[in-house]
Amino acid sequence: MARIAIIENSPLLARYFRHFLEAEGVAHETFSVWRGASFPDGGFDAYIMTGDFHNVTDGLKAYHERELEFLSKVRDEKIFASCFSHQLIAHQHGGKVARRAARLIGWEHLRISEGHPALVGMSEFSAICMNTDEVSEPPADARWIAASENCKYQMLAYDENILTCQVHPELMPGRNRLTINLTAFLLTKGPTAAYRDFRRTRAIAGDSDSEKFMRGVIRWLVS
(Lines give C-alpha, C1' and ligand atoms only; values in the text may rest on other atoms or scores of the structure.)
Protein backbone atom coordinates (compact mmCIF):
# COMPACT_ATOMS: atom_id res chain seq x y z
CA MET A 1 0.00 0.00 0.00
CA ALA A 2 1.25 3.49 -0.89
CA ARG A 3 2.18 5.81 1.99
CA ILE A 4 2.33 9.60 1.90
CA ALA A 5 4.06 11.89 4.39
CA ILE A 6 2.56 15.33 5.05
CA ILE A 7 5.22 17.94 5.88
CA GLU A 8 3.33 20.40 8.09
CA ASN A 9 4.93 23.86 8.22
CA SER A 10 2.48 25.54 10.62
CA PRO A 11 -0.13 24.35 13.14
CA LEU A 12 -3.25 22.52 11.89
CA LEU A 13 -2.47 22.79 8.17
CA ALA A 14 -2.02 19.07 7.52
CA ARG A 15 -5.61 18.22 8.40
CA TYR A 16 -7.01 19.82 5.25
CA PHE A 17 -5.15 17.30 3.11
CA ARG A 18 -6.20 14.27 5.14
CA HIS A 19 -9.77 14.37 3.79
CA PHE A 20 -8.51 13.73 0.27
CA LEU A 21 -6.02 11.05 1.31
CA GLU A 22 -8.64 9.18 3.31
CA ALA A 23 -11.17 9.47 0.47
CA GLU A 24 -8.65 7.72 -1.79
CA GLY A 25 -7.75 5.14 0.87
CA VAL A 26 -4.12 6.29 1.10
CA ALA A 27 -2.10 5.69 4.28
CA HIS A 28 -0.47 8.86 5.60
CA GLU A 29 1.57 10.30 8.45
CA THR A 30 2.07 13.93 9.47
CA PHE A 31 5.44 15.42 10.38
CA SER A 32 4.94 18.70 12.28
CA VAL A 33 8.32 20.18 11.44
CA TRP A 34 7.24 23.64 12.66
CA ARG A 35 7.51 22.35 16.22
CA GLY A 36 10.75 20.44 15.79
CA ALA A 37 9.63 17.07 14.42
CA SER A 38 12.19 15.28 12.30
CA PHE A 39 11.69 14.97 8.57
CA PRO A 40 10.80 11.59 7.04
CA ASP A 41 13.72 9.25 6.54
CA GLY A 42 12.49 6.84 3.90
CA GLY A 43 9.49 4.52 3.86
CA PHE A 44 7.18 6.88 1.93
CA ASP A 45 6.16 6.90 -1.72
CA ALA A 46 5.38 10.63 -1.90
CA TYR A 47 5.22 13.86 0.09
CA ILE A 48 2.71 16.67 0.54
CA MET A 49 4.14 19.99 1.73
CA THR A 50 1.77 22.50 3.31
CA GLY A 51 1.68 26.25 3.40
CA ASP A 52 3.08 28.28 6.29
CA PHE A 53 2.05 31.34 8.31
CA HIS A 54 5.58 32.62 7.62
CA ASN A 55 6.80 34.36 4.45
CA VAL A 56 9.91 33.54 2.43
CA THR A 57 10.75 37.26 2.15
CA ASP A 58 10.83 37.52 5.96
CA GLY A 59 13.83 35.17 5.96
CA LEU A 60 13.91 31.41 6.40
CA LYS A 61 13.62 29.86 9.85
CA ALA A 62 15.77 26.95 11.07
CA TYR A 63 13.16 24.34 10.13
CA HIS A 64 12.94 25.83 6.63
CA GLU A 65 16.67 25.32 6.22
CA ARG A 66 16.19 21.72 7.34
CA GLU A 67 13.36 21.47 4.83
CA LEU A 68 15.67 22.55 2.02
CA GLU A 69 18.16 19.92 3.13
CA PHE A 70 15.38 17.30 3.13
CA LEU A 71 14.27 18.33 -0.37
CA SER A 72 17.82 18.05 -1.68
CA LYS A 73 17.79 14.36 -0.71
CA VAL A 74 14.51 13.48 -2.44
CA ARG A 75 15.16 11.53 -5.61
CA ASP A 76 12.29 9.63 -7.29
CA GLU A 77 9.51 10.22 -4.75
CA LYS A 78 6.77 12.57 -5.91
CA ILE A 79 6.05 15.89 -4.18
CA PHE A 80 2.99 18.14 -4.14
CA ALA A 81 3.47 21.55 -2.52
CA SER A 82 1.13 24.50 -2.00
CA CYS A 83 1.48 28.21 -1.16
CA PHE A 84 4.63 28.77 0.97
CA SER A 85 6.11 25.43 -0.14
CA HIS A 86 5.46 26.36 -3.79
CA GLN A 87 7.64 29.40 -3.17
CA LEU A 88 10.25 27.51 -1.12
CA ILE A 89 10.81 24.96 -3.89
CA ALA A 90 11.09 27.73 -6.49
CA HIS A 91 13.66 29.43 -4.22
CA GLN A 92 15.59 26.17 -3.85
CA HIS A 93 15.76 25.73 -7.63
CA GLY A 94 17.09 29.24 -8.22
CA GLY A 95 13.87 31.14 -8.88
CA LYS A 96 12.88 34.46 -7.32
CA VAL A 97 10.24 35.03 -4.65
CA ALA A 98 9.00 38.59 -4.10
CA ARG A 99 6.60 40.36 -1.78
CA ARG A 100 3.38 41.47 -3.41
CA ALA A 101 2.27 45.09 -3.20
CA ALA A 102 -0.80 43.80 -1.34
CA ARG A 103 -1.79 40.39 0.01
CA LEU A 104 -3.85 38.36 -2.45
CA ILE A 105 -6.99 37.16 -0.66
CA GLY A 106 -9.77 35.55 -2.62
CA TRP A 107 -10.64 32.88 -5.14
CA GLU A 108 -8.60 32.87 -8.32
CA HIS A 109 -9.58 31.22 -11.58
CA LEU A 110 -6.60 29.21 -12.83
CA ARG A 111 -6.11 28.62 -16.55
CA ILE A 112 -4.08 25.48 -17.23
CA SER A 113 -1.70 26.04 -20.14
CA GLU A 114 0.33 22.81 -20.08
CA GLY A 115 -0.78 19.27 -19.42
CA HIS A 116 0.22 17.25 -16.36
CA PRO A 117 -0.71 13.72 -15.18
CA ALA A 118 -2.40 15.19 -12.09
CA LEU A 119 -4.64 17.37 -14.26
CA VAL A 120 -6.22 14.82 -16.59
CA GLY A 121 -9.41 16.24 -18.08
CA MET A 122 -8.91 19.69 -16.55
CA SER A 123 -8.33 22.97 -18.38
CA GLU A 124 -9.23 25.31 -15.52
CA PHE A 125 -10.30 25.40 -11.88
CA SER A 126 -10.82 27.84 -9.00
CA ALA A 127 -9.16 27.90 -5.58
CA ILE A 128 -8.44 30.29 -2.73
CA CYS A 129 -5.32 32.47 -2.44
CA MET A 130 -4.13 34.06 0.81
CA ASN A 131 -0.51 34.87 -0.01
CA THR A 132 1.75 37.82 0.73
CA ASP A 133 4.68 36.51 -1.34
CA GLU A 134 4.65 35.04 -4.82
CA VAL A 135 7.04 33.49 -7.31
CA SER A 136 8.11 36.46 -9.42
CA GLU A 137 10.58 34.57 -11.62
CA PRO A 138 10.34 30.78 -11.99
CA PRO A 139 13.50 28.63 -12.03
CA ALA A 140 14.98 27.67 -15.39
CA ASP A 141 14.11 24.00 -14.77
CA ALA A 142 10.43 24.68 -13.97
CA ARG A 143 7.56 24.14 -16.39
CA TRP A 144 4.84 26.79 -16.22
CA ILE A 145 1.56 24.90 -15.82
CA ALA A 146 -1.10 27.48 -14.88
CA ALA A 147 -1.75 31.18 -14.31
CA SER A 148 -4.54 33.36 -12.92
CA GLU A 149 -5.57 36.99 -13.28
CA ASN A 150 -3.75 38.21 -10.18
CA CYS A 151 -0.91 35.68 -9.93
CA LYS A 152 1.11 34.78 -13.01
CA TYR A 153 3.00 31.72 -11.79
CA GLN A 154 0.20 29.84 -10.10
CA MET A 155 1.46 26.34 -10.85
CA LEU A 156 4.88 24.94 -11.68
CA ALA A 157 6.24 21.45 -12.33
CA TYR A 158 9.78 20.11 -12.08
CA ASP A 159 10.91 16.99 -13.94
CA GLU A 160 8.25 14.29 -13.56
CA ASN A 161 7.99 14.19 -9.78
CA ILE A 162 7.27 17.68 -8.40
CA LEU A 163 4.08 19.74 -8.78
CA THR A 164 3.57 23.00 -6.87
CA CYS A 165 0.82 25.62 -6.75
CA GLN A 166 0.28 29.01 -5.12
CA VAL A 167 -3.40 28.47 -4.33
CA HIS A 168 -4.83 26.38 -1.48
CA PRO A 169 -6.87 23.71 -3.33
CA GLU A 170 -7.06 21.72 -0.08
CA LEU A 171 -9.44 24.38 1.29
CA MET A 172 -12.93 23.82 -0.07
CA PRO A 173 -15.49 26.68 0.09
CA GLY A 174 -18.19 24.36 1.47
CA ARG A 175 -16.36 22.03 3.83
CA ASN A 176 -13.94 24.71 5.08
CA ARG A 177 -16.15 27.77 4.73
CA LEU A 178 -15.88 28.94 8.36
CA THR A 179 -12.08 28.57 8.40
CA ILE A 180 -11.71 30.44 5.11
CA ASN A 181 -14.04 33.27 6.11
CA LEU A 182 -12.48 33.73 9.55
CA THR A 183 -8.94 33.66 8.18
CA ALA A 184 -9.82 36.19 5.47
CA PHE A 185 -11.55 38.41 8.05
CA LEU A 186 -8.43 38.41 10.25
CA LEU A 187 -5.99 38.92 7.38
CA THR A 188 -7.96 41.86 5.99
CA LYS A 189 -8.32 43.34 9.50
CA GLY A 190 -12.08 43.27 9.71
CA PRO A 191 -14.96 44.46 7.51
CA THR A 192 -12.71 46.47 5.19
CA ALA A 193 -12.80 47.02 1.43
CA ALA A 194 -10.32 44.15 1.10
CA TYR A 195 -12.70 41.82 2.94
CA ARG A 196 -15.59 42.91 0.71
CA ASP A 197 -13.43 42.19 -2.33
CA PHE A 198 -12.71 38.72 -0.92
CA ARG A 199 -16.43 38.06 -0.48
CA ARG A 200 -17.11 39.05 -4.09
CA THR A 201 -14.68 36.42 -5.37
CA ARG A 202 -16.79 33.67 -3.77
CA ALA A 203 -18.95 33.75 -6.90
CA ILE A 204 -16.33 31.63 -8.70
CA ALA A 205 -15.76 29.23 -5.79
CA GLY A 206 -16.86 25.63 -6.05
CA ASP A 207 -16.19 22.48 -4.02
CA SER A 208 -16.15 20.39 -7.19
CA ASP A 209 -13.09 22.31 -8.45
CA SER A 210 -10.98 21.58 -5.38
CA GLU A 211 -12.26 18.03 -5.08
CA LYS A 212 -11.44 17.15 -8.68
CA PHE A 213 -8.01 18.78 -8.57
CA MET A 214 -6.97 17.27 -5.24
CA ARG A 215 -8.21 13.78 -6.13
CA GLY A 216 -6.17 14.01 -9.32
CA VAL A 217 -3.13 15.08 -7.33
CA ILE A 218 -3.47 12.22 -4.83
CA ARG A 219 -3.91 9.64 -7.59
CA TRP A 220 -0.83 11.00 -9.35
CA LEU A 221 1.20 10.91 -6.12
CA VAL A 222 0.51 7.22 -5.59
CA SER A 223 0.68 6.15 -9.26
Side-chain angles (χ1 to χ4, degrees), residues 1-10 12-34 37-52 66-90 92-93 110 112-128 141-146 154-172 174-176 206-223:
M1 177 183 292
R3 297 179 70 226
I4 289 181
I6 306 175
I7 311 301
E8 186 180 56
N9 286 303
S10 283
L12 305 178
L13 299 186
R15 62 178 178 171
Y16 301 110
F17 292 96
R18 293 183 191 128
H19 161 75
F20 301 101
L21 291 166
E22 289 160 7
E24 293 293 327
V26 178
H28 57 86
E29 183 176 345
T30 297
F31 293 78
S32 299
V33 299
W34 58 272
S38 60
F39 282 83
D41 184 19
F44 291 92
D45 301 280
Y47 305 101
I48 291 174
M49 304 178 68
T50 75
D52 198 321
R66 292 192 294 119
E67 197 157 355
L68 291 173
E69 182 180 357
F70 163 75
L71 285 167
S72 71
K73 297 176 181 177
V74 174
R75 293 295 178 258
D76 299 324
E77 299 91 343
K78 292 176 181 175
I79 296 174
F80 173 70
S82 67
C83 199
F84 172 88
S85 293
H86 163 74
Q87 300 160 13
L88 185 69
I89 289 175
Q92 181 200 31
H93 283 248
L110 279 68
I112 298 168
S113 57
E114 183 174 329
H116 188 277
L119 305 171
V120 175
M122 299 188 72
S123 60
E124 58 187 16
F125 73 99
S126 299
I128 187 84
D141 63 341
R143 301 196 313 278
W144 186 15
I145 303 296
Q154 275 282 8
M155 194 180 305
L156 300 172
Y158 304 79
D159 294 325
E160 302 303 318
N161 68 319
I162 301 176
L163 180 66
T164 73
C165 66
Q166 182 57 67
V167 287
H168 286 282
E170 72 276 12
L171 293 175
M172 296 190 295
R175 177 182 294 273
N176 307 121
D207 276 356
S208 60
D209 279 356
S210 294
E211 190 83 30
K212 184 175 182 180
F213 175 77
M214 284 304 305
R215 282 181 176 265
V217 166
I218 301 305
R219 291 167 183 168
W220 167 69
L221 287 173
V222 300
S223 65

Hey, what do you get for [atom1] ([X]) to [atom2] ([Y]), rounding to the nearest 0.5 Å?
X    : Y    : atom1 : atom2 : result
H168 : L13  : NE2   : CG    : 8.0 Å
I128 : Q166 : CD1   : CD    : 12.0 Å
H93  : I162 : NE2   : CD1   : 4.5 Å
L163 : R143 : CG    : CZ    : 9.0 Å
D141 : L156 : CG    : CG    : 9.5 Å
I112 : L119 : CD1   : CG    : 4.5 Å

Given 3.5 Å as the limit, does a donor-acceptor pair link the side chain of [X] with the main chain of [Y], or not?
X    : Y    : result
D45  : R3   : yes
S113 : I145 : yes
S32  : E8   : no
N161 : R75  : yes
S85  : T50  : yes
E124 : M122 : no

Do the non-hydrogen side-chain atoms of [X] and [Y] ever get within less than 4.5 Å of each other?
X    : Y    : result
F80  : P169 : yes
M49  : S82  : no
D52  : L88  : no
M214 : M172 : no
R18  : T30  : yes
W220 : H116 : yes
L110 : M155 : yes
I48  : H28  : no

Please give me the minimum heavy-atom distance between [X] and [Y], naming the atom from each residue.
X    : Y    : answer
A37  : R66  : O-NH1, 3.5 Å
I6   : A14  : CG2-CB, 3.6 Å
P40  : I7   : CD-CD1, 3.5 Å
W34  : N9   : CB-O, 3.0 Å
S126 : S210 : O-OG, 4.2 Å

- Query: Out of F44, F31, Y47, which residue meets the ring-ring contact (aromatic ring centres under 6.0 Å, His included) rule with F70?
  - Reply: Y47
- Item | Full working for side chain to side chain contact (heavy atoms under 4.5 Å, CB included) between E211 and H19 | CA-CA 10 Å; E211 190 83 30; H19 161 75; 3.7 Å; yes
- Message: Apply side chain to side chain contact (heavy atoms under 4.5 Å, CB included) to residues E114 and W144 and explain how you reach the verdict.
- Response: CA-CA 7 Å; E114 183 174 329; W144 186 15; 5.8 Å; no
- Task: Give me the ring orientation class for F125 and F213: parallel if the planes are under 30° apart, tilted from 30 to 60°, perpendicular past 60°.
- Result: parallel
